[in-house]
Engineer: 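Pasting a structure below so you can have a look.
Atoms within each ligand, like the ligands themselves, are counted from 1 in listed order.
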Amino acid sequence: MPLPAKILIVEDDAHIRRLLHATMARAGHVAVDAADARQALALLDIEKPDVVLLDLGLPDRDGLELIQHFRKRSAATLIVVSARDESAEKVAALDLGADDYVTKPFDTEELLARIRTALRHQRHVEAGDVPDVIEAGGVRIDLDRRRVARGDADVHLTPKEYGVLAELARRPDRVLSHAHLLKAVWGNAHVERVEYLRIAVRGLRQKLEDDPSRPQLIVNELAVGYRLSLRASSERR
Ligand code: CA
């Protein structure tokens, strides 16, 4: 059972706002609501939320612009809840500092799971004990020793494959954009070279997935990026 968190809901649609509020309350969280960007910024300072659920289509200000303001003023986890199913916008939101996104109509269980993941990560960071070993889908990633094992066997990865896997493993269950991964592993000069990333991910899947054509561990977020799924299970385990 996760500790309750304070959740700031930023949504101009009253129906969705009430639905989100009820969902958060039912999960034991404390929810505060804002109907526009002005209220949201005021409540951010007063309430100091742990998590912000942000609708990108607000009446008084562009949601993407709001992300930048939030990031300067708060360490809260920022989850974009948007009707806009456009990958360019998701990428922009992530690269501006959003931690995650869900697309409306959203599955409330999925949203609560994303919040749990975010809170767990946030609390690890605050306590200064970000885990060095990540296990999912029968794969064990030891970030301290730079070792990866599948079942009992060590897996040999190329430096770029390891770089991509380690970057994903440091933020498990969160989407990292193509540009984020390319910048982290190949450097600023190569942020456009999505094909580098595809090759590394293909290699990782061949070495780590039960069925590389149906990946469970390194999940595609179409036209946005990749996510390391902690919910991956393995038949071999
Ligand atoms: Ca809206």
Engineer: Do the charged groups of R114 and D173 touch, with an N to O distance under 4.0 Å?
Structural biologist: no
Engineer: Go through it in stages, so that I can follow the logic: the residues are R140 and D154, the test is salt bridge (charged side-chain N to carboxylate O under 4.0 Å, His left out), and I'd like the CA-CA distance, side-chain angles, deciding distance and then a yes or no.
Structural biologist: CA-CA 9 Å; R140 189 168 192 279; D154 277 352; over 6 Å; no
Engineer: Leaving waters out, which protein N, O or S atoms fall under 3.0 Å from the Ca ion (ligand 1)?
Structural biologist: D12 OD1, D55 OD2, G57 O
Engineer: Where the side chain of E47 meets the backbone of V32, is there a donor-acceptor pair that is under 3.5 Å apart?
Structural biologist: no
Engineer: Around R147, counting heavy atoms of other residues, nucleotides and ligands shown, do more than 12 lie under 6.0 Å from its CZ?
Structural biologist: no
Engineer: Please test K207 against E161 for salt bridge (charged side-chain N to carboxylate O under 4.0 Å, His left out), starting from the C-alpha separation and ending with a verdict.
Structural biologist: CA-CA 10 Å; K207 294 170 187 177; E161 286 169 352; 2.6 Å; yes
Engineer: Without swapping roles, check the side chain of D132 against the backbone of L143 for a donor-acceptor pair under 3.5 Å.
Structural biologist: no
